[in-house]
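Below is one structure, written out as structure tokens, with a few remarks after it.
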Amino acid sequence: MALRLYDTIARDKVELVPRSADRIAMYVCGPTVYDVPHVGHGRTATTFDVIRRYLEWRGFAVTYVSNVTDIEDKIIARAAATGSTEPEVAARFEAAYWEQLDRLGVRRPDHVPHATEYVDSMQRLIATLIERGHAYVVDGQGVYYDVTSFPSYGALPHRSLAQLLESAGARVDVDTAKRSPVDFALWKAAKPGEPAWPSPWGDGRPGWHIECSAMSLDLLGPGFDIHGGGDDLAFPHHENERAQAEGAGHAFARYWLHSAMVQVRGEKMSKSLGNFTTLTGALDAHGPRAFRMAVLQTHYRRAMELGDAELGAAAAAVDRLDALVRRAQATGLEVAPGDPGVVARFRDAMDDDFSTPAAMAVIFDAVSAAHQALDDRDAARASVMVGAVCELTDALGLTLAAAGTGGDAGFDAEIDDLVARREAARTARDFATADALRAELTARGVVVEDTPTGPVWHRA
RNA sequence: GGCGGUGUAGCCGAGUGGCUCAGGCAAGGGUCUGCAAAACCCUGGACGCGGGUUCAAUUCCCGCCACCGCCUCCA
């Protein structure tokens with residue numbers, strides 16, 4: 001069965017037909033690094049990490065590129081406000097971004113292009129656009145893209161030029177340097193004190209959209225497969241990227257994927273609204289795996305809340321998965337390759353536009369089946385079910401924690417000792433001592449489960 | 001104003017013209033357990049409102065209401 005995905009231009013699910021068989025080249029817009037990452041960044045990064053991992057699980061060799069915008073108005077403003085420099089601001093917040101993504105288990109991209117490293121390439125693209133009649137120079141202002149020169153402009157947001165013009169005229173402050181309100185800047189002339197690069201059109205810096213056209217084409221080549229990002233980027237950012245690349249004569253992305261926003265009490269989370277929760281805070285409070293679970297349990301094209309209630313429920317769901325692994329380990333179950341029926345249902349779910357909620361339902365059904373098999377002492381069935389759970393959660397980037405994973409040998413030894421003493425007390429039917437030891441373990445954040453094969457502990 | 005989306009049980013959140021059922025969290029009852037945890041079994045309760053099509057609609061069509069996103073920097 002074919003893998004289908006929802007393409008924003010087609011506005012429908014379409015079959016994924018790669019540029020070259022068995023290989024997928026994908027580009028996902030990353031952040032402008034002028035502030036700490038919030039949970040919305042975490043959702044988008046996780047969504048595309050899952051897609052990348054699934055494509056690989058599905059047998060594709062994936063090249064994954066995600067950029068960092070390290071020069072932009074807000075970075076300049078932040079540097080000015082804090083008495084810092086643009087490179088310092090960018091470096092600091094980029095580090096914070098990767099730190100949180102690492103915690104989340106988002107795999108690093110194969111390439112992380114930075115805008116400032118591709119200025120030459122952007123200038124070449126701009127020059128080509130001028131030659132081909134898609135761009136014009138305004139002395140002392142910069143270079144602009146002439147939207148009317150690109151017939152399919154508006155295909156991504158599904159709006160006609162007339163519609164775009166109407167709303168642009170109605171709501172947007174029109175830059176008088178532009179011929180048309182819908183035109184956009186390719187190159188911005190530098191104002192005094194701003195960082196600038198020399199160019200044929202005067203010292204300045206690139207417009208925001210041109211970097212992604214240049215970097216994606218440079219690293220992935222024309223006609224690469226998937227272009228992704230948050231759905232707030234669909235217009236104008238992605239449409240402008242497309243206009244630039246195709247206007248310059250290059251085939252651009254074959255499929256456009258957009259992930260929905262995180263909301264806070266029904267409103268979009270964004271820095272401009274000031275209602276954001278930092279990613280660090282959310283991960284500290286509920287753990288990175290709870291975050292990933294919450295993201296997986298909602299379809300990527302649906303807006304979602306990611307507050308304490310949602311993350312708390314997701315953490316409990318993760319516990320259910322861990323508990324199965326603990327039980328399997330405590331029973332000494334050998335984990336076999338996943339049950340083919342379960343794996344097939346998982347694949348069907350994911351092949352349908354990466355329906356992770358349905359995929360998670362398949363996994364949780366396997367969890368139930370595994371427990372039932374263990375209850376029935378059906379080791380063969382239990383091992384293929386546990387195998388499926390481990391294999392499929394792993395495919396989604398969710399790591400299950402077995403018992404005793406303290407990660408700190410000294411701590412683990414102390415806990416092992418307490419657990420052993422408690423078990424000795426229980427065997428002697430000295431329950432007062434046993435309960436006291438349990439209380440001590442609880443105080444240290446450890447839960448002990450007594451199983452037919454002896455006690456098993458894990459962190460609460 | 002234009003374009004698009006959403007409204008499902010206590011909460012989150014899938015999905016489908018009728019079939020026993022998404023799934024997770026939570027709640028109640030039971031089994032097991034020295035205690036506890038985990039697990040298993042059982043239980044309740046859903047499809048925004050009003051019409052229409054149909055033997056049958058939560059699912060299709062029309063209207064309405066509410067909320068959200070994009071049209072401006074934004075994951």
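Here the structure is a predicted model, which is why all the values come from computation and not from measurement. So you know, we letter chains A, B, ... as the sequences are listed, proteins then strands, and number each from 1.
Taking the C1' atom of each, C21(B) and G15(B) are spaced 12 Å apart, rounded to whole Å. Comparing G63(B) with A75(B), their C1' atoms are spaced 37 Å from each other, to the whole Å. For the P atom pair drawn from A9(B) and U59(B), the interatomic distance equals 15 Å after rounding to whole Å. Between G5(B) and C19(B), the distance separating the two P atoms is 28 Å to the nearest Å. Here the separation of C60(B) from U54(B), taken at their C1' atoms, is 10 Å to the nearest Å. Between the P atoms of G28(B) and A66(B), the separation comes to 38 Å (whole Å). Annotation: G1(B) and C49(B) have their P atoms spaced 26 Å apart (nearest Å). With both ends at atom P, the span from C55(B) to C71(B) equals 47 Å, rounded to whole Å.
When each of M293(A) and A434(A) is assigned the nucleotide of RNA chain B with its nearest heavy atom, M293(A) is the one assigned upstream, toward the 5' end. With the nearest nucleotide of RNA chain B identified for both T44(A) and R11(A), R11(A) has the one nearer the 5' end.
Within the nucleic acid shown, H38(A) comes within 4.0 Å of at least one base atom, counting heavy atoms only. At a threshold of 4.0 angstrom between heavy atoms, the contacts of A309(A) with the nucleic acid are absent. Using a 4.0 Å heavy-atom cutoff across all strands shown, P357(A) reaches at least one base atom of the nucleic acid. Using a 4.0 Å heavy-atom distance criterion, T298(A) is classed as a sugar-phosphate-only contact. Using a 4.0 Å heavy-atom cutoff across all strands shown, G312(A) reaches no nucleic acid atom at all. Within the nucleic acid shown, G40(A) comes within 4.0 Å of at least one base atom, counting heavy atoms only.
No aromatic stack links F364(A) and the base of G23(B), using centre distance under 5.5 Å and interplanar angle under 30°.
The interatomic distance linking M304(A) (CE) with G69(B) (P) rounds to 16 Å, in whole Å. Atom CE in M360(A) sits about 13 Å away from atom P in G23(B), given to the nearest Å. Distance R438(A) CZ to C35(B) P: 11 Å, rounded to the nearest Å. Between L311(A) atom CG and G13(B) atom P there is a gap of 12 Å when expressed in whole angstrom units. If you measure from atom NE2 of H286(A) to atom P of C12(B), you get 16 Å, rounded to the nearest angstrom. At whole-Å resolution of the value, CD1 in I9(A) and P in C70(B) are 20 Å apart. Remark: C1' of G5(B) and NZ of K268(A) are 14 Å apart, rounded to the nearest angstrom. In this entry the distance linking CG of D231(A) with C1' of C68(B) reads 11 Å, nearest Å.
Of the nucleotides present, none pairs with G17(B) by Watson-Crick or G-U wobble criteria with both distances under 3.5 Å. When both pairing distances are held under 3.5 Å, G1(B) makes a Watson-Crick or G-U pair with C71(B). Pairing of U6(B), defined by two Watson-Crick or G-U wobble distances under 3.5 Å, is identified with A66(B). Under the Watson-Crick or G-U wobble criterion, with both distances below 3.5 Å, A39(B) is paired with U31(B). If you check U54(B) for Watson-Crick or wobble pairing at under 3.5 angstrom, you find it has no partner at all.
Counting only heavy atoms from C-beta on, E310(A) has its side chain closest to C12(B) among U72(B), C12(B), A75(B). In the set C40(B), C3(B), A75(B), the nucleotide with an atom closest to the side chain of R159(A) is C3(B). Between A39(B), C25(B), A14(B), one nucleotide has an atom nearer to the side chain of A313(A) than all others, and that is C25(B). Among the nucleotides C25(B), C40(B), G23(B), the one closest to the side chain of A361(A) is G23(B). Nearest to the side-chain atoms of H158(A) among the listed nucleotides A14(B), G34(B), C3(B) stands C3(B). When the nucleotides C3(B), A38(B), A26(B) are ranked by their closest atom to the side chain of E449(A), A38(B) comes out on top. Out of G13(B), A39(B), C35(B), the shortest distance to the side chain of R426(A) is found at C35(B).
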### Message
What verdict does the side chain to side chain contact (heavy atoms under 4.5 Å, CB included) test give for V262(A) and T277(A), after you've listed the backbone C-alpha separation in whole Å, the side-chain angles of each residue and the deciding distance to 0.1 Å?
### Response
CA-CA 10 Å; V262(A) 173; T277(A) 310; over 6 Å; no
### Task
Evaluate the criterion salt bridge (Lys or Arg N to Asp or Glu O under 4.0 Å) for residue pair K178(A) and D146(A); output intermediate values, then yes/no.
CA-CA 9 Å; K178(A) 298 193 289 190; D146(A) 174 11; over 6 Å; no
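Cation-pi geometry between R301(A) and Y6(A) is met: under 6.0 angstrom from the ring centre, within 45 degrees of the axis. A cation-pi contact, defined as under 6.0 Å to the ring centre and within 45° of the axis, is absent between R179(A) and Y144(A).
A donor and an acceptor atom never sit less than 3.5 Å apart when one is taken from the side chain of R302(A) and the other from the base of G13(B). With hydrogens and angles ignored, a donor-acceptor pair closer than 3.5 Å exists between the side chain of R422(A) and the base of G34(B). Between the base of C35(B) and the side chain of D450(A) there is a donor-acceptor pair shorter than 3.5 Å. A donor-acceptor contact under 3.5 Å is formed by the side chain of D435(A) with the base of G34(B). Contact of R43(A) with A75(B) (side chain to base): no donor-acceptor pair of N or O atoms is detected under 3.5 Å.
A salt bridge links R53(A) and D49(A); the closest N-O separation between the charged side-chain nitrogens and carboxylate oxygens is under 4.0 Å.
Aromatic rings from F346(A) and W57(A) are positioned such that their centres are separated by under 6.0 Å. Close placement of the F224(A) and F252(A) rings is indicated, their centers lying within 6.0 Å of each other.
An OP1 or OP2 oxygen of C40(B) is reached within less than 4.0 angstrom by a side-chain nitrogen or oxygen of R320(A). Listed pair Q372(A) / C41(B) meets the phosphate criterion, a side-chain N or O lying under 4.0 Å from OP1 or OP2.
Within 6.0 Å of CZ in R381(A) there are 12 or fewer heavy atoms belonging to other residues, nucleotides or ligands.
Here the options are D352(A), D351(A), D365(A), D339(A), the test is salt bridge (charged side-chain N to carboxylate O under 4.0 Å, His left out), and the partner is R345(A); only D365(A) passes.
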